[in-house]
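Contents: one structure, followed by commentary.
In what follows, chains carry the letters A, B, and so on, assigned in the order in which the sequence lines appear, proteins first and then strands, with residues in each chain numbered from 1. Below, all heavy atoms of this structure are taken into account, side chains as well, without hydrogens, waters or symmetry copies.
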Amino acid sequence: MAELLTTRKENYSQWYNELVIKANLAENSVVRGCMVIKPYGYALWENMRDVLDKMFKQTGHQNAYFPLFIPKSYLSREASHVEGFAKECAVVTHYRLKQSPDNEGVIVDPDSKLEEELIVRPTSETIIWSTYKNWIQSYRDLPILINQWANVVRWEMRTRLFLRTAEFLWQEGHTAHQTKEEAIEETEKIIHLYADFVENYMAVPVMVGLKTASERFAGAVETYCIEALMQDGKSLQAGTSHFLGQNFAKAFDVQFLNKENKLEYVWATSWGVSTRLIGALIMTHSDDKGLVLPPKIAPLQVVIIPIYRNEEQEAKVSEVANAIVKELQQKNISVKYDNRDEYRSGWKFNEYEMQGVPVRITVGARDLEKNQVEVFRRDTMDKKLATPDVVVDEIVDLLEDIQQNIFNKALAFREKNTCVVDTWEEFKDVIENKGGFVSAHWDGTAETEEAIKEATKATIRCIPLNNPQEEGKCIFSGKPSKERVLFAKSY
RNA sequence: CGGGAUGUAGCGCAGCUUGGUAGCGUGCUUCGUUCGGGACGAAGAGGUCGCAAGUUCGAAUCUUGUCAUCCCGACCA
């Protein structure tokens with residue numbers, strides 16, 4: 001019993017850290033702040049990526065790849081963009097190593113200094129817009145709808161597996177349009193695509209909204225976001241979609257001739273989700289026994305575990321198990337028959353529960369005498385008996401049910417932890433003691449936002465889309481306000 | 001960059017006060033018995049004690065320096 005997790009109640013962040021390691025998702029690397037994504041964690045990312053990639057293509061986007069390195073001068077073209085990223089950039093200054101004079105390893109060759117230093121991309125707007133400039137002459141060249149799957153580097157002070165690492169994997173979409181309206185439409189289309197993916201595949205309910213000016217992406221005119229509430233009452237930004245206006249077009253001089261033969265700057269968007277989504281997934285569904293994964297993206301949907309005493313029993317059990325495996329595979333359900341002899345069944349149960357496999361089937365010699373197998377669902381930890389000939393049909397339904405159930409559970413949690421508050425005292429109390437989302441009036445100024453953050457550590461997570469308009473008074477300043485915004489402490 | 005802590009077997013740790021053959025748990029290897037919720041026994045493999053200098057007959061242990069990592073703050077998807 002040495003492998004138990006710290007419970008969420010004991011120490012939520014320790015629980016998270018241990019879970020990532022023990023569920024075999026990822027581990028820290030020798031390079032500070034960087035992670036090794038292990039096969040099980042990477043399989044999860046691949047499943048997420050595959051679904052998203054299909055969604056992007058269905059909405060008319062194409063994949064491309066732009067360089068990892070960006071000339072330093074590019075980053076300084078757009079003023080607020082530089083300001084946003086300058087403090088966390090890795091810089092390449094040399095291109096060669098040589099044997100050290102004392103023959104103890106290698107040193108940077110001082111003669112290999114680069115004429116212009118290169119920045120390891122923290123995001124690709126600048127390199128992409130400098131390229132788009134050459135691709136765009138006429139309105140006939142628009143829109144450009146491109147996505148890239150890539151790694152980026154942001155030199156973070158404090159890192160945590162998946163939630164914030166110095167290097168992470170993501171996708172970044174970069175689109176160019178003729179009109180402001182079309183670009184805004186694209187920005188909104190993508191944020192809804194993200195919400196659709198995160199809710200319907202990852203089973204994580206999200207709030208869709210707009211960022212305030214201070215939380216906005218550096219260089220954006222408007223930032224749309226999806227925010228998810230974690231089990232510790234903190235909010236996590238799970239994806240962003242930016243309307244960039246003509247900021248980058250102007251910075252990189254990207255103009256096109258419109259139908260009236262007049263030069264215009266193009267309108268831009270960019271949008272992304274990262275491996276951080278895996279952090280959101282873990283913290284939304286998992287429990288003190290380990291990971292809980294939504295069937296639609298789980299690397300392994302069903303595991304079958306045999307129980308037997310001797311070879312004769314093993315043969316019988318395996319025959320039934322293998323038949324179930326085959327039938328599940330025919331229905332495109334991923335399944336593993338774990339007949340390793342070196343571990344006992346109880347050990348395997350705990351292992352797969354830690355890894356969040358949605359369904360487990362136990363086939364025991366004693367079961368077979370009664371023509372039954374045991375079906376276990378990870379989300380509720382319930383066990384049921386089924387006859388081998390119908391178990392596969394039941395599992396198809398069960399996987400659906402688990403997907404739905406964990407979403408409903410997460411949604412109920414969010415609703416329970418979203419408070420409408422009208423006084424400053426109550427606001428402080430809820431943020432301090434209960435956590436979760438707090439819906440409150442705000443006077444719309446950055447000063448008030450900053451003062452609230454200073455006092456409570458809570459920030460405005462978003463201004464929900466289609467927000468009901470109502471007269472009210474700012475929670476902090478008492479000034480008039482016409483809508484509520486969502487506050488929370490955040491990751 | 002401030003404040004605190006830690007470096008000893010793959011992992012988790014003890015040993016250091018009072019210097020004298022480097023230990024425990026777990027994991028690993030082999031064999032046997034087990035097998036319905038993290039089995040048990042036996043036999044094994046595995047360590048420049050972070051690094052460097054110093055004190056000493058002798059340093060994991062004492063001294064000095066140095067490097068690294070982790071935690072708490074300022075910055076962030």
So which protein nitrogen or oxygen atoms get under 3.5 Å of nucleotides 8-13 of chain B's nitrogens or oxygens?
none

For nucleotides [N] and [M], find the distance between their [atom1] atoms and express it as a whole number of Å.
N     : M     : atom1 : result
B:A14 : B:C62 : P     : 15 Å
B:G36 : B:G27 : C1'   : 26 Å
B:C24 : B:U64 : C1'   : 32 Å
B:C16 : B:G7  : C1'   : 14 Å
B:G44 : B:G37 : P     : 34 Å
B:A22 : B:U48 : P     : 13 Å
B:C35 : B:A43 : C1'   : 23 Å
B:C51 : B:A68 : P     : 15 Å

According to the Watson-Crick and G-U wobble definitions, with both distances under 3.5 Å, which nucleotide is paired to [N]?
N     : result
B:U26 : B:G10
B:A39 : B:U33
B:A74 : none
B:A5  : B:U69
B:U17 : none
B:A45 : none
B:U63 : B:A53

Once you round it to whole Å, what is the distance between [atom2] of [N] and [atom1] of [X]?
X        : N     : atom1 : atom2 : answer
A:Glu156 : B:C75 : CD    : P     : 12 Å
A:Glu450 : B:A74 : CD    : C1'   : 12 Å
A:Asn28  : B:U69 : CG    : P     : 11 Å
A:Phe349 : B:C35 : CZ    : P     : 15 Å
A:Lys22  : B:U26 : NZ    : C1'   : 12 Å
A:Met157 : B:G2  : CE    : P     : 12 Å
A:Arg160 : B:C75 : CZ    : C1'   : 17 Å
A:Glu215 : B:C75 : CD    : C1'   : 12 Å

Pick base, sugar-phosphate or nothing for [X], based on heavy-atom distances below 4.0 Å to the nucleic acid.
X        : answer
A:Thr223 : nothing
A:Ala238 : nothing
A:Thr123 : nothing
A:Phe168 : base
A:Ser345 : sugar-phosphate
A:Leu163 : base

Would A:Arg340 and A:Tyr343 count as a cation-pi pair here, with the cationic atom under 6.0 angstrom from the ring centre and within 45° of the axis?
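No, cation not above the ring by the 6.0 Å, 45° rule.
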
Within 45 degrees of the axis of the six-membered ring of A:Phe349 and under 6.0 Å from its centre: does A:Arg360 put its NZ or CZ there?
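The answer is yes, since A:Arg360 meets both limits relative to A:Phe349.
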
Looking at A:Arg344, does any N or O in its side chain come under 4.0 Å of the phosphate oxygens OP1/OP2 on B:G38?
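Looking at the OP1 and OP2 atoms of B:G38, neither is under 4.0 Å from any side-chain N or O of A:Arg344.
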
Could you tell me whether the phosphate oxygens of B:G37, OP1 or OP2, come under 4.0 Å of any side-chain nitrogen or oxygen in A:Arg360?
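The answer is no; no side-chain N or O of A:Arg360 sits under 4.0 Å from OP1 or OP2.
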
Sidechain N-carboxylate O distance under 4.0 Å for A:Asp288, A:Lys9
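Not counted as a salt bridge, because no side-chain N and carboxylate O are separated by less than 4.0 Å.
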
[X] and [Y]: side-chain donor and acceptor closer than 3.5 Å?
X        : Y        : result
A:Asp196 : A:Asn200 : yes
A:Glu18  : A:Gln14  : yes
A:Trp271 : A:Asn147 : no

With side-chain contact (heavy atoms from CB on, under 4.5 Å) as the criterion, how do A:Leu44 and A:Leu293 come out once you've worked through the C-alpha distance, each side chain's angles and the decisive distance to 0.1 Å?
CA-CA 9 Å; A:Leu44 192 53; A:Leu293 295 177; 4.2 Å; yes

Heavy-atom contacts under 4.0 Å between residues 303-311 of chain A and RNA chain B, which residues?
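Heavy-atom contacts with RNA chain B come from A:Ile307, A:Tyr308, A:Arg309.
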
Minimum-distance nucleotide to [X] side chain [options: [options]]:
X        : options             : answer
A:Asp367 : B:G36, B:G38, B:G37 : B:G36
A:Asp341 : B:G37, B:C75, B:U34 : B:U34
A:Arg32  : B:U69, B:C28, B:G37 : B:U69

5′-ward residue of the pair A:Tyr343/A:Glu374 relative to RNA chain B
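Nearest nucleotide further toward 5': that of A:Tyr343.
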
A:Asn17 or A:Arg216: which one's nearest nucleotide on RNA chain B is closer to the 5' end?
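Mapping each residue to its closest nucleotide by heavy atoms, the 5'-most match is A:Asn17.
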
Looking at [X], I want to see if its [atom1] is surrounded by more than 12 non-hydrogen atoms of other residues, nucleotides or ligands under 6.0 Å.
X        : atom1 : value
A:Lys296 : NZ    : yes
A:Trp149 : CH2   : yes
A:Glu46  : CD    : yes
A:Phe407 : CZ    : yes

hbond_proxy A:Glu353 side chain to B:G37 base (donor-acceptor, 3.5 Å cutoff)
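Yes, a donor-acceptor pair under 3.5 Å.
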
Quiz question: going by heavy-atom distance under 3.5 Å, is there a donor-acceptor pair between the base of B:G37 and the side chain of A:Lys383?
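In this structure, the two groups form a donor-acceptor pair.
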
Looking at A:Phe437, A:Phe487, A:Trp442, A:Phe476, which one forms a ring-ring contact (aromatic ring centres under 6.0 Å, His included) with A:Phe427?
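Only one option passes, and that is A:Phe487.
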
Under 3.5 Å, side chain of A:Thr59 to main-chain N/O of A:Met55, donor-acceptor pair present?
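A pair under 3.5 Å: yes.
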
